[in-house]
Enquirer: 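Could you have a look at this structure, given as structure tokens, before my questions?
Values reported hereafter were calculated over all heavy atoms of this structure, with side chains retained and with hydrogens, waters and symmetry mates removed.
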Amino acid sequence: MFVGIMLLILPPIFLASSLGRIKGGNIIFYFLWFWSRTWFPLVGMRVKRIYKCERTKTPCIYVVNHRSYLDAALAVGVMRLPFRPLGKVELEKVPLFGFIYKKSVVPVDRSNAKARSRSVREMISTLKHGVSILIFPEGTTNESNKPLQSFHNGAFRIAIETQTPICPVLYLDNGVRLPHTSLFNINPGRCRVVYLPPVEVKGLTMDDLPSLKQQVFDIMEEELLSWK
């Protein structure tokens, strides 16, 4: 079903990609929204949104915990459009899916310093065009028994540099619905998404980066533990 829906939306995504990185990318995300909103019910996963704040209407930096390959598929169905996620460059090599992936994310090669800098510049440019970005600050899937792994600096550096608020979001059940051990261990059930109040960064400087990162980490960790 996942592949079938992908093949259905591939032709219009191909056409939209010719309209440019911002306009074309925004159109592509509405097709991805359809993909997500169709696939989740078909495989028996019920998405529930829990808002602990007002819905944001301005560009922001979403920071989300990362437990499963399912996280990216859920994001395009539940985050306010348009936005761009930061994603691993390696997935661009996947046949067919790689084309969609390349047109819908800001790719990053974490092993290359120049590539990382280029990705940061692209994310900053994306924010300046009024498009939100989404980052998994843990950097990789959390396979530990802890609620969160330590955060990287990227999201918080961009937030301070662009004075863009950070919006923490939690995916509570994805690690159970699709464990990281296999792409074929899908379990029907609920997928809860918790939207936490934004963290303002107005007036902060790079000297405040460590404390900002710790503040967001503590907020997300405390909330995750409250749902145990």
Enquirer: If you group Ile, Leu, Val, Met, Phe, Trp and Tyr by side-chain heavy-atom gaps below 4.5 Å, do Val64 and Val199 land in one group?
Expert: no
Enquirer: Do Leu70 and Phe40 touch side chain to side chain, with heavy atoms closer than 4.5 Å?
Expert: yes
Enquirer: Could Arg84 and Glu122 be called an ion pair, given the rule that one side-chain N must be under 4.0 Å from one carboxylate O?
Expert: no
Enquirer: Could you walk me through whether Phe156 and Val201 pass side-chain contact (heavy atoms from CB on, under 4.5 Å), step by step?
Expert: CA-CA 9 Å; Phe156 310 97; Val201 300; over 6 Å; no
Enquirer: Is there side-chain contact between Leu127 and Ile61, with heavy atoms separated by less than 4.5 Å?
Expert: yes
Enquirer: Assess the residue pair Ser125 and His129 against the criterion (side-chain contact (heavy atoms from CB on, under 4.5 Å)); give the C-alpha distance rounded to whole Å, side-chain angles, the decisive distance to 0.1 Å, and a yes or no.
Expert: CA-CA 6 Å; Ser125 174; His129 280 88; 3.7 Å; yes
Enquirer: May I ask you to decide if Arg190's main-chain N or O and Arg177's side chain share a donor-acceptor pair within less than 3.5 Å?
Expert: yes
Enquirer: For the pair Trp35 and Phe2, name the ring-plane relationship: parallel under 30°, tilted 30 to 60°, perpendicular over 60°.
Expert: tilted
Enquirer: Would the distance check show the side chain of Asp218 and the main-chain N or O of Gln215 forming a donor-acceptor pair, the cut-off being under 3.5 Å?
Expert: no
Enquirer: Treating Thr162 as the side-chain partner and Ile124 as the backbone partner, does any N or O pair qualify as donor plus acceptor under 3.5 Å?
Expert: no
Enquirer: Are side-chain heavy atoms of Tyr101 and Val94 found at a separation under 4.5 Å?
Expert: no
Enquirer: Locate the shortest heavy-atom distance separating Phe31 from Pro12; write the atom from each residue and the value.
Expert: CZ-CB, 3.4 Å
Enquirer: If every non-hydrogen atom of Asn26 is compared with every non-hydrogen atom of Pro82, which pair is closest and at what distance?
Expert: OD1-CB, 3.2 Å
Enquirer: Compare every heavy atom of Ala72 with every heavy atom of Phe136, then report the nearest pair and how far apart it is.
Expert: CZ-N, 4.5 Å
Enquirer: Report yes or no: does Asp208 contribute a side-chain atom to a donor-acceptor pair with the main-chain N or O of Thr205 at less than 3.5 Å?
Expert: yes
Enquirer: So which atom in Ile186 and which in Met45 form the shortest heavy-atom distance, rounded to 0.1 Å?
Expert: CG2-CE, 4.1 Å
Enquirer: Do Phe151 and Glu138 pass the side-chain contact (heavy atoms from CB on, under 4.5 Å) test, and can you show the C-alpha distance, the side-chain angles, and the key distance before you say yes or no?
Expert: CA-CA 5 Å; Phe151 286 175; Glu138 295 164 281; 3.8 Å; yes
Enquirer: At their closest point, which heavy atom of Pro147 faces which heavy atom of Leu224, and how far apart are they?
Expert: O-CD1, 3.7 Å
Enquirer: With the 4.5 Å side-chain cut-off for hydrophobic clustering, are Val106 and Met79 part of the same group?
Expert: no
Enquirer: Do you know which two heavy atoms are closest between Thr141 and Ser68, and how far apart they sit?
Expert: CG2-N, 3.8 Å
Enquirer: Could you check whether any side-chain heavy atom of Arg80 comes within less than 4.5 Å of a side-chain heavy atom of Tyr62, counting everything from C-beta outward?
Expert: yes
Enquirer: Could you check whether any side-chain heavy atom of Trp227 comes within less than 4.5 Å of a side-chain heavy atom of Ile50, counting everything from C-beta outward?
Expert: yes
Enquirer: Hey, what do you get for CD1 (Ile9) to CG (Leu32), rounding to the nearest 0.5 Å?
Expert: 5.5 Å
Enquirer: Test your reading of the model: is there a side-chain donor-acceptor pair from Asn65 to the backbone of Tyr171, 3.5 Å cut-off?
Expert: yes
Enquirer: Given Lys213 and His152, is the side-chain contact (heavy atoms from CB on, under 4.5 Å) satisfied, shown in steps?
Expert: CA-CA 8 Å; Lys213 181 171 68 172; His152 293 279; over 6 Å; no
Enquirer: Contact between Leu212 and Ile166 at the side-chain level, heavy atoms closer than 4.5 Å - yes or no?
Expert: yes
Enquirer: For Arg67 and Val176, indicate whether the former's side chain and the latter's backbone hold a donor-acceptor pair under 3.5 Å.
Expert: no
Enquirer: Do Val120 and Ile158 touch side chain to side chain, with heavy atoms closer than 4.5 Å?
Expert: yes
Enquirer: Under 3.5 Å, side chain of Ser132 to main-chain N/O of Cys60, donor-acceptor pair present?
Expert: yes
Enquirer: Is it the case that the side chain of Ser36 and the backbone of Ala73 share a donor-acceptor pair, with hydrogens and angles ignored and the cut-off at 3.5 Å?
Expert: yes
Enquirer: Given 3.5 Å as the limit, does a donor-acceptor pair link the side chain of Gln163 with the main chain of Ile160, or not?
Expert: yes
